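Below is one structure, written out as structure tokens; comments come after it.
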Amino acid sequence: MGYIAGTISESRRQMEELGVKEGGFLRPDSAADSPDLNEIKVILQAKQFVEAEEAERTDSFVDAEKKISDIDQKIEAIEAACNSNLEHDLLEGAFRSALSKEEHSLVVACAKELETRAALNSFKTRNQIAEPAHYPPDQLFHFAFLIMFVAIETVVNAFFYQGSSGLLGGAVVALCVSVVNMSLAAGLGSMYRYVNLPATKDKSTGYVGIGVFIILAFVMNLIFSTFRVQYELLQQQVLQENLAEPTTAMLVTAFKTAVADAFSVFLLKFPDIDVMSFVLFFVGVICSGLAFWKGYTHDDKHPGYGEMDRRHKATEHAFNDAKNRAFETAVAKVHQIADEVDELRSSLISSQRNSHALKAQVQGAQSTFDGNVRKIQGELNLVIEAYRGANRATRSTPAPKYFESLPNITSEVNTQRVEDLLQAIDELSRKSKSIADDKVTMLGNKLQQIRNRIHQLVQEDFQKYIETVRQSATASLRAQGQVQNVG
């Protein structure tokens, strides 16, 4: 806290009164050659204020000396970093270092992608496939329609199978019938895809599938239709015999009769079925056809091709993710080098500003100190003059000789330290300016070179690096004896 103006001059009136009093007693003696106790007391008070100002200035100078040391160390560190960046090509090293950390995961992912691609190409070659794989993006959603068909067939057939058990009993029977009917049809539809493969064995399997489907679609739905008739007769028998539910033996007998009636068609003996059973037959055949188509299209028409294609796409996606991670890591690293060079340029420029600001701080502290000391000296002079004037006016003898000169407290102030500080700051500024003049332009050119090189690294060199990764992955597969056609 600086000196508060008026603190010493507050005692002016008191000193005038003391001057009158002392003059009346003819004190101090005319032969005295030094101030009396009244003046000494005020002078000591003024010196205490000057010492307080000196302490505040000293604290400011100590802080400035510390900052000079910090700025000097920072300038030396900046110069060393500048020399390192200007003398060495850190960019490519940082780029390679960043990529090397991702190299293992890249080679592993690339090897898996090459392996699955080779297997896919080999499968396409063996089976003479030229077009890309086609399959539903979501197989669960694909089969959701089949579940919907089962539900529709169940609802429709529930009315046909209802008897004494009502709609609920009919629905249970209809659900069992529908699940068996459509599951077999979907499975045979999937089996029919083998007709698209070139091998005779595979084609035979496909033709067997559609042949069995045609037979089963006709026979199974005819059995279910004739069973509906037998089931209706069975329900009447249950009512006549006053049973709660048909027994297992009764159901087995009814089903055997339905099967016999159905197969009698091949003997050109058509079973006796009603209109509702006839409708049931056609509903079943239509649903079987839809289920067969869903089974055929649940994956690519070439069995195994869709699965291999999905596996290859998964490994391809994983390899692309690994490449993106490596690319982003490398780009971040090279941009970090560019940012460091740019930061060095900024630090050189700011170090000069810091030196100027520090000099202004020291000069400001000295200016404040000088101003406060002048105020203290001025107020001390006013008080001493007031005391001596009152003393002269009152006494009848000549005033002491020392009354002719005022006490000077500013002669004790040391200005050497501030001069040393300002000299040190000027040397720091010259050093900072010399380094900045020498390095800033060079760093600017270096930064431009780095930015131009970054484009080449991330575009051309990265692709070359990925090619070496492919070569390493191929060598790894070759060592394992797994190299196949990856064209």
Side-chain angles (χ1 to χ4, degrees), residues 102 104-149 182-210 212-213 289-327 463 466-487:
E102 303 288 337
H104 176 70
S105 60
L106 275 170
V107 171
V108 171
C110 183
K112 290 181 179 178
E113 191 274 334
L114 290 174
E115 184 179 356
T116 55
R117 178 146 55 98
L120 180 66
N121 290 341
S122 177
F123 183 86
K124 290 169 66 176
T125 301
R126 288 197 315 271
N127 294 284
Q128 302 171 13
I129 302 172
E131 70 273 13
H134 296 284
Y135 46 81
D138 187 346
Q139 290 196 350
L140 183 62
F141 181 75
H142 180 78
F143 280 112
F145 285 97
L146 189 60
I147 296 172
M148 182 180 69
F149 295 150
M182 300 187 76
S183 296
L184 286 172
L188 291 169
S190 179
M191 182 177 173
Y192 178 59
R193 295 179 302 137
Y194 282 89
V195 77
N196 298 301
L197 298 179
T200 304
K201 181 180 177 181
D202 292 328
K203 285 187 177 294
S204 299
T205 301
Y207 287 126
V208 168
I210 193 169
V212 172
F213 165 72
L290 291 173
F292 181 85
W293 176 250
K294 281 294 178 182
Y296 182 79
T297 58
H298 84 280
D299 206 342
D300 187 81
K301 65 181 182 179
H302 303 93
Y305 186 33
E307 178 61 29
M308 297 186 101
D309 184 71
R310 286 190 292 273
R311 191 180 301 120
H312 170 250
K313 285 182 178 177
T315 57
E316 186 179 44
H317 181 73
F319 180 46
N320 287 334
D321 284 346
K323 284 195 296 184
N324 290 336
R325 283 195 306 272
F327 181 80
Q463 295 304 321
I466 293 300
E467 189 57 37
T468 63
V469 167
R470 291 184 187 278
Q471 293 172 2
S472 299
T474 303
S476 174
L477 290 175
R478 184 178 291 112
Q480 300 171 23
Q482 297 180 16
V483 175
Q484 302 177 45
N485 178 23
V486 295

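Bear in mind the structure is a predicted one, so any value in this text is a computation, not a measurement. Counting begins at 1 with the first residue of the sequence.
Looking at His298, its side chain does come within 3.5 Å of a backbone N or O of Gly295 through a donor-acceptor pair. Counting only distance, with no hydrogens or angles, the side chain of Lys203 and the backbone of Val195 share a donor-acceptor pair below 3.5 Å. Put simply, the side chain of Ser476 never gets that close to the backbone of Ser472: no donor and acceptor are under 3.5 Å apart. Looking at Ser105, its side chain does come within 3.5 Å of a backbone N or O of Glu102 through a donor-acceptor pair. Remark: side-chain polar atoms of Ser204 are paired, donor with acceptor, to backbone N or O of Thr200 under 3.5 angstrom. Remark: the backbone N or O of His302 is paired with a side-chain donor or acceptor of Asp300 at under 3.5 angstrom.
Arg117 is listed as a side-chain neighbour of Asn121, based on a closest heavy-atom distance under 4.5 Å. Side-chain atoms of His134 and Lys301, non-hydrogen and from C-beta on, never get closer than 4.5 Å to each other.
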Point to revise | Candidate pair Arg310 and Glu307, rule salt bridge (charged side-chain N to carboxylate O under 4.0 Å, His left out), full reasoning | key: CA-CA 5 Å; Arg310 286 190 292 273; Glu307 178 61 29; 3.1 Å; yes
Check your understanding: Does the side-chain hydrogen bond (donor to acceptor under 3.5 Å, both in side chains) test come out yes or no for Thr474 and Arg470, once each step is laid out?
Key -> CA-CA 6 Å; Thr474 303; Arg470 291 184 187 278; over 6 Å; no
Point to revise | Verdict with reasoning, Ile129 to Phe123, per side chain to side chain contact (heavy atoms under 4.5 Å, CB included) | key: CA-CA 8 Å; Ile129 302 172; Phe123 183 86; 3.8 Å; yes
Exercise for review: Could you give me the CA-CA distance, side-chain angles and deciding distance for Asp321 and Arg325, then say whether salt bridge (charged side-chain N to carboxylate O under 4.0 Å, His left out) is met?
Suggested key: CA-CA 6 Å; Asp321 284 346; Arg325 283 195 306 272; 5.4 Å; no
Practice item. Could you please spell out the steps behind the side chain to side chain contact (heavy atoms under 4.5 Å, CB included) verdict for Lys323 and Phe327? Key: CA-CA 6 Å; Lys323 284 195 296 184; Phe327 181 80; over 6 Å; no
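Between Tyr135 and Asp309, the side chains place a donor N or O and an acceptor N or O closer than 3.5 Å (distance only, hydrogens not considered).
Atom OG1 of Thr468 sits about 11.0 Å away from atom CD of Gln463, to the nearest 0.5 Å. Atoms NZ and CG, from Lys112 and Leu477 in turn, are 11.5 Å apart once rounded to the nearest 0.5 Å. The CD atom of Gln128 sits 12.0 Å away from atom CG of Asn196, with the distance rounded to the nearest 0.5 Å. How far CG of Leu114 is from CZ of Arg478: 11.0 Å, rounded to the nearest 0.5 Å. Separating the NZ atom in Lys313 from the CE atom in Met308 is a distance of 14.5 Å, to the nearest 0.5 Å. Between atom CZ of residue Arg193 and atom OG1 of residue Thr205 there is a gap of 12.0 Å, rounded to the nearest 0.5 Å.
Among all heavy-atom pairs drawn from Cys110 and Val469, the shortest one is CB-CG1, 4.0 Å. Across all their heavy atoms, Leu120 and Tyr305 have their closest contact at CD1-CE1, 3.5 Å. Minimum heavy-atom separation, Ala473 to Ala111: CB-N, 3.6 Å.
Here the options are Tyr192, Tyr194, Phe213, the test is ring pair (Phe, Tyr, Trp, His ring centres under 6.0 Å), and the partner is Tyr296; only Tyr192 passes. With Phe292 as reference, Ile210 is the one residue of Leu184, Ile210, Thr297 to meet the side-chain contact (heavy atoms from CB on, under 4.5 Å) rule.
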